[in-house]
2 protein chains.
Amino acid sequence: MSIAPVRSVSSVTPAPPRGRPRPPSGNAVTPTRTTRTTTSKPTTLRQVARAADVSMATVSRVLAGNYPVAPRTRQRVLRAVQELDYVANTHARALRGHATPTVALVLPDLRDEAVARIAQGVEEEATRNGRSCLIGTTRGDTERERTVLRAMRQNGAGAVILIGGGAQDPVHQEELAAIAASLAAAGSRLVLCGRPAPDDAMPATVVEYDNEGGAYAVVSRLLVQGHRRILFLGPATGSTTAAGRLAGYRRALADFDLPFRPELVVGGGLGRADARDRLARRLVGGSDFTAVFAVTDNAASGALAALREAGLRVPDDVSLVGYGDAECATDLLPQLTTVHVPYVELGRTAVRLALGLTEGSVSAADQRALLGTHVVLRDSTAPPPRRRPG
Amino acid sequence: MSIAPVRSVSSVTPAPPRGRPRPPSGNAVTPTRTTRTTTSKPTTLRQVARAADVSMATVSRVLAGNYPVAPRTRQRVLRAVQELDYVANTHARALRGHATPTVALVLPDLRDEAVARIAQGVEEEATRNGRSCLIGTTRGDTERERTVLRAMRQNGAGAVILIGGGAQDPVHQEELAAIAASLAAAGSRLVLCGRPAPDDAMPATVVEYDNEGGAYAVVSRLLVQGHRRILFLGPATGSTTAAGRLAGYRRALADFDLPFRPELVVGGGLGRADARDRLARRLVGGSDFTAVFAVTDNAASGALAALREAGLRVPDDVSLVGYGDAECATDLLPQLTTVHVPYVELGRTAVRLALGLTEGSVSAADQRALLGTHVVLRDSTAPPPRRRPG
DNA sequence: CTGTTAGCGCCTTCAT
DNA sequence: ATGAAGGCGCTAACAG
């Protein structure tokens with residue numbers, strides 16, 4: 001309910017320049033630092049060479065360290081490098097063939113917890129392999145997605161990892177396939193991460209997690225505890241993610257010889273507010289279920305609120321499970337039983353596959369990885385009460 | 001309590017190569033796509049020129065579009081470009097002076113919600129200005145921080161934005177200052193984001209938010225409601241962030257002519273678990289306060305759990321406020337009154353300052369921006385009960 | 001309108 | 001052990 005009223009307290013303050021003028025700063029910050037205050041262009045190899053009174057080749061060799069150089073010359077060069085604060089120009093180096101291929105990461109929005117986790121994994125594994133990591137966001141806009149992907153390709157990314165490119169739009173899929181092909185032709189590679197492969201013909205590596213299996217496991221858990229009427233809270237269609245979870249739900253029911261009851265599918269979105277509203281409406285006439293399987297932890301959070309408002313205790317009256325093992329899962333009271341998704345590892349794996357670092361790797365052609373999920377048992381489930389509440 | 005037991009459900013599956021061999025795929029993905037299946041090097045301008053039977057300069061001009069070219073030739077060139085799937089080499093272009101300077105982003109961990117928000121802001125503003133965005137994580141390791149910063153500098157970043165470089169270590173600060181100077185000398189710039197300037201002599205731009213003011217505002221709010229004994233839940237020292245919030249708390253008290261009572265400072269960390277434990281212990285002998293100011297929303301979440309376990313209702317018995325306006329603030333029941341921090345805008349501003357895009361900008365030297373915070377009123381506060389509970 | 005030429009900064013043979 | 005020279009792919013003068 002209460003959409004937060006907002007009270008402005010302090011306002012934006014484009015601050016004045018620092019109060020006191022920078023003091024002369026008695027000791028130089030770094031002994032060897034010269035006073036190069038002018039905003040100038042970076043030092044070049046040639047300048048270093050001149051300063052050290054050697055040829056450019058020698059400087060290069062000293063820096064590369066893969067060739068014998070007289071100790072005395074080396075010292076001189078090194079000092080000049082220090083003195084001039086020389087740093088090699090990456091572009092020139094790349095041009096010469098010594099490129100450090102970049103790993104490009106394209107994602108909808110970093111504020112999404114799952115996305116952020118994958119991104120963290122990607123970045124870690126990328127730098128672990130000496131690659132730097134370029135990032136671009138799309139806000140879920142398919143057109144922007146293509147633009148960004150192309151930009152990444154142009155930037156010479158050695159691999160492009162796409163998170164959440166699961167748009168159903170067939171046109172977009174074709175474009176994506178074209179980009180993937182183009183990338184492949186340039187010796188790079190497209191990796192789809194965290195979403196099932198959209199098209200079997202797309203020349204892309206796919207890294208996904210056992211979405212359906214996780215749903216199956218957590219619903220089975222409820223069934224084993226004795227629950228027979230389990231609400232599915234979330235969209236039955238639309239996102240492939242939700243569809244997969246529904247599939248797992250249904251398979252679990254089938255394994256227990258229980259019929260699938262469409263009236264136990266509530267629908268709605270993946271978010272908290274929607275879940276809360278939908279469930280609250282569903283609860284007006286009392287509850288005809290003993291457990292709720294929410295498609296996401298956020299939805300579960302909403303469900304918890306709705307249940308509580310309806311006077312139902314969790315897990316005493318109704319059991320509740322979520323999906324994703326988000327931070328909020330442990331913030332809830334009771335702490336939420338949920339399905340853990342190895343997002344960070346997903347990102348790591350994506351990079352490994354993209355770089356061809358997988359042991360026992362298959363052909364250089366398309367590959368695929370499926371990471372396991374597992375149930376995290378917390379406090380939101382219990383056997384169903386003797387008598388149905390409500 | 002219940003540290004989640006973990007049940008492994010499905011395991012890691014290095015999947016076999018795709019089942020059916022790629023079908024001939026009746027229609028080519030893209031009409032103009034030629035079959036370049038070999039993982040080769042990207043097409044060069046020269047190849048395009050040869051294919052179109054023109055000089056390299058002409059191709060360049062067609063692509064740049066800033067020079068008249070005969071329509072017929074233009075067509076030929078364009079087709080060749082399509083045909084060969086040509087993409088300009090960024091490095092070569094950069095070398096020639098047409099560099100699109102990169103914005104580098106250095107941060108401890110993307111999984112942190114606040115960090116992710118800042119990062120999102122940085123990325124948005126960077127691409128909005130035609131810059132690509134390089135990212136590197138440090139895990140809070142100061143040495144790694146320096147390494148990453150230097151790497152960014154070497155990568156030719158046009159600006160480097162550092163999130164959370166608030167380590168107290170003076171040695172690190174000096175190193176940082178040196179890097180900042182080096183960056184400045186190369187025509188780039190270091191922007192410290194979301195943390196107060198560590199050293200007044202550091203040649204860096206600083207973007208921060210009104211940390212102390214937010215604390216002052218939210219505590220004032222409690223005081224206005226009639227609360228007189230307000231618990232400060234969080235570290236009193238150590239992090240500058242917490243220190244600033246404590247300062248705001250104290251100033252609010254002072255403005256109400258109330259003494260600062262050290263026994264109302266609970267201590268602990270910024271996280272949820274610690275807050276919960278500390279507060280629970282504090283509550284054994286009953287509560288001697290009517291409100292709690294938690295330094296972070298996570299801490300507030302922990303506090304809520306502890307209060308509930310102690311049989312105290314929020315806000316009926318005890319009011320609770322947090323800081324940061326995290327996602328979880330609305331997930332809690334009751335929804336948490338907290339201080340909103342404009343993290344995304346912080347990131348945006350950092351980029352704008354870094355790129356010198358601020359209107360009415362000051363000298364090119366150090367600048368500083370202070371963004372306002374504001375209280376978000378939700379449901380976790382109320383006037384204190386008549387009689388002190390407990 | 002188009003082609004030729006000369007580098008951007010670096011690395012790497014090839015000569016000394 | 002060091003220097004000179006050529007070229008990575010591209011663009012911007014300068015000719016035609």
Side-chain angles (χ1 to χ4, degrees), chain A residues 40-78 80-81 84-102 153-158 185-188, chain B residues 40-78 80-81 84-102 153-158 185-188:
Chain A
S40 56
K41 288 161 67 164
T43 314
T44 74
L45 192 67
R46 164 174 269 113
Q47 297 174 25
V48 177
R50 266 204 280 271
D53 195 37
V54 293
S55 76
M56 292 168 54
T58 304
V59 179
S60 179
R61 288 198 268 256
V62 168
L63 263 37
N66 50 10
Y67 213 81
V69 174
R72 260 181 53 82
T73 347
R74 151 184 241 84
Q75 286 314 318
R76 248 185 316 151
V77 169
L78 250 28
V81 166
L84 275 66
D85 190 30
Y86 169 76
V87 178
N89 179 323
T90 312
H91 297 304
R93 171 173 286 180
L95 201 54
R96 198 63 184 76
H98 280 248
T100 296
T102 313
R153 156 142 164 48
Q154 170 148 358
N155 262 353
S188 182
Chain B
S40 56
K41 288 160 68 164
T43 314
T44 74
L45 191 70
R46 164 177 268 113
Q47 297 173 26
V48 177
R50 267 204 281 270
D53 196 35
V54 293
S55 77
M56 291 167 55
T58 305
V59 178
S60 178
R61 288 198 269 256
V62 168
L63 263 37
N66 52 8
Y67 214 81
V69 174
R72 260 180 54 79
T73 349
R74 152 183 241 85
Q75 286 314 318
R76 249 185 315 151
V77 169
L78 249 29
V81 166
L84 274 64
D85 190 31
Y86 169 75
V87 177
N89 179 322
T90 312
H91 298 303
R93 174 171 285 178
L95 200 54
R96 199 62 189 99
H98 278 247
T100 296
T102 313
R153 156 142 165 48
Q154 170 147 1
N155 263 354
S188 181

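In what follows, chains are A, B, ... by sequence order, proteins preceding strands, each numbered from 1.
- Side-chain N/O atoms of B:T58 include one lying less than 4.0 angstrom from OP1 or OP2 on C:dG3.
- For A:R93, no side-chain nitrogen or oxygen approaches OP1 or OP2 of C:dG9 to under 4.0 Å.
- Of all nucleotides listed (D:dT11, C:dG3, C:dC10), D:dT11 comes nearest to the side chain of B:L45.
- Atoms CE and CZ, from B:M56 and B:R61 in turn, are 11.5 Å apart once rounded to the nearest 0.5 Å.
- Computed from coordinates, the A:L84 CG to C:dG9 C1' distance equals 15 Å when rounded to whole Å.
- With rounding to the nearest 0.5 angstrom, the OG1 atom of A:T43 is 6.5 Å from the CG atom of A:D85.
- Regarding contacts with the backbone of C:dC11, a side-chain N or O of A:S60 is found under 4.0 angstrom from either OP1 or OP2.
- Note on B:A64: nothing from the nucleic acid sits closer than 4.0 angstrom, heavy atoms only.
- Comparing B:A92 and B:Y67 by the nucleotide of DNA chain C whose heavy atom lies nearest to each, the residue mapping closer to the 5' end is B:Y67.
- Straight-line distance from the NE2 atom of A:H91 to the P atom of C:dC8: 16 Å, rounded to whole Å.
- Residue contacts shown for B:A70 are limited to sugar-phosphate atoms, with no base heavy atom under 4.0 Å away.
- OP1 or OP2 of C:dC8 has not a single side-chain nitrogen or oxygen of A:T44 nearer than 4.0 Å.
- A distance-only check finds no donor-acceptor pair linking the side chain of A:N155 to the backbone of A:A157 [under 3.5 Å].
- Taking atom CZ on A:R50 and atom C1' on D:dG3, their separation rounds to 15 Å, with Å as the unit.
- Nearest heavy-atom pair, A:A51 versus A:A80, reported as atom, atom and distance to 0.1 Å: CB-CB, 4.1 Å.
- Using a 4.0 Å heavy-atom distance criterion, B:A94 is classed as making no nucleic acid contact.
- Between A:L63 atom CG and C:dC10 atom C1' the separation is 11 Å, expressed in whole Å.
- In terms of position on DNA chain D, the residue among A:P68 and A:A57 whose nearest nucleotide sits closer to the 5' end is A:P68.
- Applying side chain to side chain contact (heavy atoms under 4.5 Å, CB included) to B:V48 and the options B:V54, B:T58, B:V59 leaves one that passes, B:V59.
- Residue A:N89 places its side chain closer to C:dC10 than to any other of D:dC10, C:dC10, D:dG3.
- Atom CZ of B:R96 and atom C1' of D:dC8 are 14 Å apart (whole Å).
- B:M56 has its CE atom 17 Å from the P atom of C:dT2, to the nearest Å.
- Distance CZ (B:R46) to P (C:dG3): 14 Å, rounded to an integer number of Å.
- Following rounding to the nearest Å, B:N66 (CG) and C:dC1 (C1') show an atom-to-atom distance of 14 Å.
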